[in-house]
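All ligand and atom numbering here is 1-based and tracks the order in the structure.
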Amino acid sequence: MKILSASHIRDLDKYTIQNEPISSLELMERASLSFVEWLINKFDKINKTIVFCAIGNNGGDGLAISRLLLEREYQVQTFILHDAKSNPTDVEINLKRLKKIILVQDIYNETDIPDIDSDSIVIDAIFGSGLSRPITGIAAQVVHSINQSKATVVAVDIPSGLYVDTYNPNTTIIEADFTVSFQLPKLSFLLPQNARYVGEWHITDIGLHADAIEKARTSYYYTDASIVKSLVKKRDKFSHKGTFGHALLVGGSYGKMGAAILATRSCLRSGIGLLSIHIPACGYEILQTSAPEAMAMVDKEEKLISDIDIPDLTKYTAIGIGPGIGTASQTAEGFKRLLEQASKPLVIDADGLNLLSEHKEWLTLLPEESILTPHPKEFERLAGKTANEYERLDVLKKFCSDYKVNVVLKGAHTAVANAVGDIYFNSTGNPGMATGGSGDVLTGIITSLVAQSYQPFKAAVLGVYFHGLAGDKAAASKGYTALIASDIIDCLPQAFIEFGL
Ligand SMILES: NC(=O)C1=CN([C@@H]2O[C@H](COP(=O)(O)OP(=O)(O)OC[C@H]3O[C@@H](n4cnc5c(N)ncnc54)[C@H](O)[C@@H]3O)[C@@H](O)[C@H]2O)[C@@H](O)CC1
Ligand SMILES: [K+]
């Protein structure tokens, strides 16, 4: 799915109205109906809904939603905030329609704000995608009352106060339990700093024109099943193991062989033809017993990786380095030599990233299209601190463009960025995956896909998606608390099978 800016959304709206064609009033009705259907489907029992509307189109949705709920015999109380001057026509019409059935209560000042029962559902239709400045005055007081209440809060399109795609330094923002948004996800939903405002978010299809969505230009995408289907390559019956590449993984040190093993096993489970792994001598038996399918090469050092003295690097179709290597000075030297010798993109994780942060001058040695997979803290060490997550996206784009690399910025909606400024946010995964070894598993998957000749950026997007999907399948049987990294590997087969792979 595409992620569009506030102005693109307005254009999409206009295009649909002109070309479907449909009146703006009808479009508002369709959006409101999709919200009501979601609401009724979600909650078995609805005691009472309290709808707060302002007088923009988001408020218009709220008025239409109130009427549609009343027609379905739900108990509804609707309040309208008189904050702005003039009402758009569609809002006027919806207000008149609603006033024929119930008394719509006005909010002019603080004493007009109702008490909010804890067992009610509050529908936030105060401001939507048209919000252009921080919320102040009576609207701010209403937002605070809603946030202080114990009621379940459902936001229409976007929590009031949040901007679609830019940072709002003002914190007068609705803290919704659920956000039901129209047609496409909004950038702000995907940034962890907004999780407390957005809650659990859902998208409803309101039939905005497909041609306009297709034509809209954006650099932000939400990696869903349809994007994944368009990127994966099926195996044909004449393929042999040479078709699926030969990967090299460099990992492990004394006490951290587990990281190398996890990357090895996930690489094997992601379709690699052949896998060699360079490990410290102490890891030889561990590796040969736990992953007999991989070929082991040992370092001259017993406990760590030093000289990654690999005769012919060109025979490997991808090289992954980092899991469990540590940051000892001999390892740093070996790592630097590998950077100098490698001509194909590298996949770099964990201590590989720490070594890069300690030696930023090595960043220019990275082969083009290499993939770096940092956590936010690791990224901060590489690229510097930012004031907020919107600014971090700009830094992410600049970093990728400066060094001509791909970065997988790990988090709840992992962001995969490339050198031309595209960012794909992932849709799979769960909190159970925040556990030791999960990142090593991801390194193995991405290395495997690059080795199978997926273009590195696509390999990263797909690797992140399948890693999350396998994690979701693991969580379905193990739950979030008990989930460990090996469970993700065990569920990779199911994740690939789901896409006919
Ligand atoms: N995008 C779509 O396809 C559709 C959008 N609809 C609804 O329309 C919404 C967007 O409507 P609008 O653009 O009218 O804007 P909003 O309803 O989001 O409200 C903004 C209105 O308040 C004013 N305003 C902005 N910031 C303010 C502030 N801090 N304090 C007071 N007033 C402020 C603006 O001038 C504007 O009139 C969407 O969020 C959605 O709910 C739906 O009705 C139909 C389909
Ligand atoms: K809203």
Would you name the heavy atoms of Ser438 and Ile488 that are closest together and state the gap between them? OG-CD1, 3.7 Å
Rounded at 0.5 Å granularity, tell me how far NZ in Lys99 sits from CD1 in Ile80. 7.0 Å
Nitrogen or oxygen atoms of [X] and ligand 1 under 3.5 Å apart:
X: Thr136; result: no
X: Leu27; result: no
X: Phe127; result: no

Could you tell me, atom by atom, which parts of ligand 1 come under 4.0 Å of a heavy atom of [X]?
X: Gly128; result: 16 (P), 17 (O), 18 (O), 39 (O)
X: Ile9; result: 1 (N)
X: Asp13; result: 1 (N), 2 (C), 3 (O), 4 (C), 5 (C), 45 (C)
X: Met28; result: 43 (O)
X: Ser132; result: 25 (C), 26 (N)
X: Ile206; result: 3 (O), 45 (C)
X: Pro134; result: 29 (N)
X: Asp157; result: 38 (C), 39 (O), 40 (C), 41 (O)

Please check: side-chain N/O of Asp157 versus main-chain N/O of Phe182, any donor-acceptor pairing under 3.5 Å? yes
For Val228 and Thr223, run side-chain contact (heavy atoms from CB on, under 4.5 Å): C-alpha distance rounded to whole Å, both residues' side-chain angles, the deciding distance at 0.1 Å, then the answer. CA-CA 7 Å; Val228 170; Thr223 314; 3.9 Å; yes
Hey, what's the ring geometry for [X] with [Y], parallel, tilted or perpendicular (30° and 60° as the breaks)?
X: Tyr465; Y: Phe499; answer: perpendicular
X: Phe496; Y: Phe466; answer: tilted
X: Tyr390; Y: Tyr167; answer: tilted
X: Phe43; Y: Trp38; answer: perpendicular

N/O/S atom of [X] under 3.4 Å from the K ion (ligand 2), yes or no?
X: Ile174; result: no
X: Val156; result: yes
X: Ile158; result: yes

Where on [X] is there a heavy atom closer than 4.0 Å to ligand 1, on the side chain, on the backbone, on both, or on neither?
X: Asp61; value: side chain
X: Leu12; value: neither
X: Asp90; value: neither

To the nearest 10°, how many degrees is the angle Asn58 OD1 to the K ion (ligand 2) to Phe127 O? 70°
Do Ser181 and Lys186 have side-chain heavy atoms sitting under 4.5 Å apart? yes
Does the side chain of Leu363 reach to within under 4.5 Å of the side chain of Leu366, using non-hydrogen atoms? yes
Within a 6.0 Å radius of atom NZ on Lys478, are there more than 12 heavy atoms belonging to other residues, nucleotides or ligands? no
Under the criterion salt bridge (charged side-chain N to carboxylate O under 4.0 Å, His left out), I'd like the reasoning laid out for Lys42 against Glu200: C-alpha separation, chi angles, the key distance, then a yes or no. CA-CA 12 Å; Lys42 175 76 193 174; Glu200 192 183 302; 3.7 Å; yes
The K ion (ligand 2) to Asp124: nearest N/O/S atom name: O
